[in-house]
Amino acid sequence: MFSPDGGGNAAGRGLIGCALLASEAAAHVARLCRSNPRLLSMLVQEKCGDDANSSRFAHDFKTLADVLVQRIVAKRIGRQFPELDGNVYGEENDTIQNNKGQDVTIIVGETVEETLQCLSKALSDDLDSAKSLAEAAHKEFRLNDLNVDCYPPEEENLDLEKVGIWIDPIDSTNEYINGNVDNINEYGFHSSGLHCVTINIGLFDKHSGKPIAGVINQPFFKFDTIEGWSGRCYWAYCDGQKNLNSLPKFISCNQELVVTSNSETDEAKKALQRSGYIVTTASGAGYKMLCVALGVVKCYALTKDSTYSWDTCAAHAMLTSQGGAACPCRTSAGPLTYRSKTTGGGRAHCNADGIIASRDLRTIDRVHAILSPLHTYCNS
């Protein structure tokens, strides 16, 4: 079923519908944590070792929200599709340190009480906060609760034995921690702030490495003075035979606009500008790629090795469903591919040769021709 109104009361029988509902449960928790400054401040901690994105940030952080969101998504997908057990991977490890210096492995149990027991330890026996989070972690949603333009098919032709899933529980964690709210820029999107925060769930074929579906949830899409924050969801399906998505109809971006990271080199920016492109920056790899899929910008380009499989898999599927792609910036190896999580740490899943993403394959070729000769290997 694929319509603006049909299927809204279905349980999300398909895997994409399940991922959509899981993303909204996760977004609900992210909003709850963000609305409680004390809770957030208690559980923001610096990543170390393989967990840290040292190529981009001097300090890389995670929060309880990151870990809990990841566990909520994995739990809900695994509950409905036990065939995927062990094949749902996330950016974060499952451990967070409480303010007593104790390491606590976060779990989402079968009941609110089981989850409460774990969270009360993580929150050093702050039972009120733990109870509200545990209840939020088990809150059920239906498809017609979501802010999405249309619903995915109730059933997909997916061989679940071949499916792997990458989760980025809270992309743009630094913006999430800071909690700033910035206005839309002159180009029609947000350069920074909570609007750039996304929850990304990307499905890929473990044999071919190709993306096959994606869900992106913006938990902080709209603010109401009475109701607070509400979100926005997008999904896409691209199995090689049919392409479906909830994105607006394809509208060619009139502006030759390339969005990149704040950490991109001046050399790369100037090379694009000399070639006639307008260059601007924004936070969050998932958000930047979503802006490309929405037609707000023509291309996302990054010469650096600071994005990972969990950042790009979901949005890559959206671009593929539109006839676009996401490719390495510094090589001509074809589109990015994805593989199951290894024990080699996060760097094993780094997009080491940068990224160029667009709905227009000709734009990818042009931008690649501009940037690939620069050989920008600076890691900052």
Side-chain angles (χ1 to χ4, degrees), residues 18-19 22-23 25-34 36 38-54 59-82 84-139 164-171 173 176-177 199-201 219 308-310 340-349:
C18 175
S23 81
H28 176 61
V29 168
R31 288 188 289 265
L32 179 63
C33 288
R34 178 62 259 179
N36 187 332
R38 176 178 175 275
L39 180 60
L40 194 65
S41 65
M42 285 172 61
L43 287 154
V44 173
Q45 59 189 248
E46 189 167 356
K47 297 182 187 179
C48 300
D50 289 338
D51 289 340
N53 185 356
S54 57
H59 297 281
D60 195 13
F61 296 95
K62 72 177 177 181
T63 70
L64 173 64
D66 283 292
V67 183
L68 185 56
V69 160
Q70 183 170 295
R71 294 310 310 150
I72 288 169
V73 173
K75 179 74 173 182
R76 295 192 180 212
I77 291 175
R79 182 177 62 195
Q80 188 168 334
F81 297 95
L84 292 173
D85 185 41
N87 293 301
V88 182
Y89 321 112
E91 175 185 5
E92 308 295 352
N93 63 46
D94 295 337
T95 301
I96 196 159
Q97 194 173 84
N98 65 18
N99 61 10
K100 295 179 180 178
Q102 300 169 323
D103 287 337
V104 180
T105 299
I106 301 300
I107 64 165
V108 175
E110 297 299 325
T111 65
V112 173
E113 289 71 23
E114 290 177 6
T115 305
L116 172 60
Q117 185 176 5
C118 170
L119 292 178
S120 63
K121 185 177 180 181
L123 293 168
S124 301
D125 299 320
D126 181 345
L127 292 179
D128 288 340
S129 296
K131 186 172 186 290
S132 64
L133 273 181
E135 290 174 347
H138 288 265
K139 182 177 173 63
I165 299 178
W166 274 111
I167 306 167
D168 190 343
I170 296 182
D171 189 26
T173 302
Y176 178 75
I177 292 169
I199 295 168
N200 307 322
I201 306 172
Y308 295 79
S309 293
W310 51 80
S340 302
K341 192 168 188 176
T342 68
T343 57
R347 300 301 295 176
H349 301 284

Give me the atom names and distance for the closest heavy-atom approach of [X] to [Y].
X	Y	result
Gly109	Lys75	O-CE, 3.8 Å
Cys18	Arg76	SG-O, 3.7 Å
Ser340	His349	O-CE1, 3.1 Å
Leu127	Ser120	CD2-CB, 3.7 Å

**Message:** So, applying side-chain contact (heavy atoms from CB on, under 4.5 Å) with Ile170, which one of Asn200, Leu68, Asp66, Ile177 is it?
**Reply:**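 Among the candidates, only Asp66 passes.
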**Request:** Apply salt bridge (Lys or Arg N to Asp or Glu O under 4.0 Å) to the pair Glu91 and Lys341, showing each step before the final yes or no.
**Result:** CA-CA 10 Å; Glu91 175 185 5; Lys341 192 168 188 176; over 6 Å; no
With side chains defined as the heavy atoms from C-beta onward, is the minimum distance between [X] and [Y] less than 4.5 Å?
X	Y	value
Ser129	Asn36	yes
Pro169	Val67	no
Ile165	Ile77	yes
Asp94	Arg71	yes
Leu123	Leu64	yes
Val104	Thr95	no
Gln97	Gln102	no

Kindly write out the residues that satisfy side chain to side chain contact (heavy atoms under 4.5 Å, CB included) with [X], not counting sequence neighbours, or none if the list is empty.
X	result
Ala27	Glu24, Arg31, Ile199, Asn217, Pro219
Ala136	His28, Val29, Leu32
Asp128	Asp126
Ala134	Val112, Thr115, Leu116, Leu119

Listed partners of [X] passing side-chain hydrogen bond (donor to acceptor under 3.5 Å, both in side chains), at least two apart:
X	result
Glu114	none
Glu135	Lys131
Arg34	none
Ser309	none

Going by ring pair (Phe, Tyr, Trp, His ring centres under 6.0 Å), name the pairs with one or both residues in [range], residues two or more places apart or in two chains.
range	result
residues 90-125	none
residues 102-138	none
residues 94-125	none

**Asked** Hey, is the main chain of Ala30 close enough, under 3.5 Å, to the side chain of Tyr176 for a donor-acceptor pair?
**Response**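 Between the backbone of Ala30 and the side chain of Tyr176 there is a qualifying donor-acceptor contact (under 3.5 Å).
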**Asked** Taking only residues two or more places apart in sequence or in another chain, which ones pass salt bridge (charged side-chain N to carboxylate O under 4.0 Å, His left out) with Glu113?
**Response**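 For Glu113, no residue satisfies salt bridge (charged side-chain N to carboxylate O under 4.0 Å, His left out) once neighbours in sequence are set aside.
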**Audit row: Cys118, Ile106, side chain to side chain contact (heavy atoms under 4.5 Å, CB included) steps and yes/no** = CA-CA 6 Å; Cys118 170; Ile106 301 300; 4.1 Å; yes
**Request:** Supply the atom-to-atom distance Trp310 CH2 to Glu92 CD, rounded to the nearest 0.5 angstrom.
**Result:**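 So the CH2 of Trp310 and the CD of Glu92 are separated by 8.5 Å.
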